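Working notes, beginning with the structure itself.
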Amino acid sequence: MLIERIWSGNSLRNFHFLIACEESGEALAVDPLEWRMCLELARERGWQITQILNTHEHSDHTGGNAGLKDATGAKVAAHERAAARIGGVDRGLKAGDVIRVGRSVELECLDTPGHTLAHICLLSHTDPPALFCGDTLFNAGAGNCYNGGNPEALYTTFVTQLARLPDETRVYPGHEYLARNLEFTLDREPGNAEAAELLAAARRHDPAAAVVTTLGREKRINTFFRLQNPQVIARLREKFPEIGERPDAKAVFVKLRELRNRW
Ligand SMILES: [Zn+2]
Ligand SMILES: [Zn+2]
């Protein structure tokens with residue numbers, strides 16, 4: 001499996017991905033908003049884009065479908081409940097479905113509601129695995145829930161699906177928000193040395209060459225995985241005293257998400 005991450009350079013800070021079979025040169029484009037950039041890179045690599053995957057229905061993920069489909073004839077796949085809203089979807093996906101790319105690539109569909117209620121993450125059958133997580137999980141952050149989502153559903157997705165993946169899973173989100181998210185983590189947990197170190201690097205980095213984190217690292221630097229951390233809870237109680245001294249993990253997650261909306 002070959003992965004190319006394409007930095008859009010747009011104001012929304014989108015990442016696009018090409019996932020290719022090294023044997024056949026067939027490729028899948030994930031959320032190819034700036035579709036010409038995807039097409040150009042595929043041509044440089046000698047790949048044929050045969051499929052498009054939309055992680056969810058928002059237009060910053062689907063807006064390139066028509067152009068790329070016209071140029072390549074690629075088939076579009078998306079969550080079965082997002083298909084009607086996206087339009088032009090050839091394959092509706094549900095949990096456990098496998099997308100094959102060429103002869104060698106298998107990508108398993110995870111049904112991951114929260115950012116929207118029709119969101120798919122792709123998990124590659126490779127060692128280590130790669131997770132293409134759209135707007136569900138960001139580097140050091142979590143997707144917002146105010147455009148068709150639900151924070152309690154996002155919590156359940158984090159705890160029952162994402163947190164259970166192997167720590168060495170590589171994380172490929174749909175946007176580059178690393179520095180801002182680390183600032184939020186550090187405002188919750190000023191003593192998090194690994195987050196502070198990564199923030200110093202993230203402030204200097206070229207987004208096109210941004211670090212690829214692992215899930216193990218996310219559990220150390222992403223406040224949305226650190227729901228039982230005493231400092232996170234203590235800081236959160238300053239804003240939301242009603243959560244009490246021993247809030248459950250779900251209450252912490254939902255309040256963190258609420259706080260992040262206006263932070
Ligand atoms: Zn979105
Ligand atoms: Zn987005």
Side-chain angles (χ1 to χ4, degrees), residues 3-19 28-38 52-68 76-89 92-93 95 107 109-123 130-158 161-162 171-182 184 202 207-208 210 212-213 218 222 224 253-254 256-258 260-263:
I3 300 170
E4 287 283 358
R5 185 183 63 188
I6 299 164
W7 164 241
S8 64
N10 68 7
S11 60
L12 295 170
R13 308 185 70 79
N14 288 84
F15 278 136
H16 314 318
F17 300 94
L18 295 179
I19 305 168
L28 167 79
V30 179
D31 293 339
L33 176 63
E34 305 293 343
W35 62 271
R36 288 182 184 84
M37 296 174 80
C38 297
I52 296 166
L53 179 280
N54 294 144
T55 54
H56 63 292
E57 68 271 31
H58 289 159
S59 58
D60 60 311
H61 297 255
T62 63
N65 287 5
L68 193 55
V76 177
H79 196 295
E80 59 184 5
R81 290 199 303 276
R85 267 166 287 169
I86 294 171
V89 172
L93 301 166
L107 301 159
C109 298
L110 310 183
D111 186 350
T112 53
H115 172 66
T116 74
L117 299 182
H119 193 296
I120 291 282
C121 290
L122 293 179
L123 182 69
L131 180 71
F132 299 90
C133 40
D135 290 0
T136 296
L137 167 64
F138 294 125
N139 295 129
N144 67 55
C145 302
Y146 46 69
N147 199 352
N150 178 300
E152 295 188 357
L154 189 61
Y155 163 77
T156 302
T157 289
F158 264 62
Q161 298 196 70
L162 304 185
V171 174
Y172 294 99
H175 295 269
E176 199 290 309
Y177 300 144
L178 178 59
R180 181 82 177 136
N181 284 339
L182 286 169
F184 184 69
V212 175
T213 66
E218 291 295 332
N222 188 329
F224 291 92
F253 186 98
V254 169
L256 284 171
R257 191 49 266 176
E258 185 183 331
R260 182 67 176 84
N261 289 345
R262 50 191 158 87
W263 186 82

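In each ligand, atom 1 is the first atom listed, and ligand 1 is the first ligand listed. For clarity, every value in this text was computed on a predicted model and none was experimentally measured.
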- Query: When rounded to the nearest 0.5 angstrom, what distance separates OH in Tyr155 from CG in Asn150?
  - Reply: 13.5 Å
- Message: Quick check against the 3.5 Å criterion: does Asn54 have a side-chain atom that pairs as donor or acceptor with the backbone of Val76?
- Response: no
- Item | N/O donor-acceptor pair under 3.5 Å between His56 side chain and His61 backbone | no
- Donor-acceptor under 3.5 Å (Arg13 side chain, Trp7 main chain): no
- Exam field: side chain Arg85 to backbone Arg81, donor-acceptor pair closer than 3.5 Å: yes
- Note on the structure: Across all chains, not counting sequence neighbours, the side-chain contact (heavy atoms from CB on, under 4.5 Å) partners of Cys133 are Cys121, Leu131, Leu137, Val171, Pro173
- Just the protein N/O/S atoms under 2.8 Å from the Zn ion (ligand 1), please, no waters. His56 NE2, His58 ND1, His115 NE2, Asp135 OD2
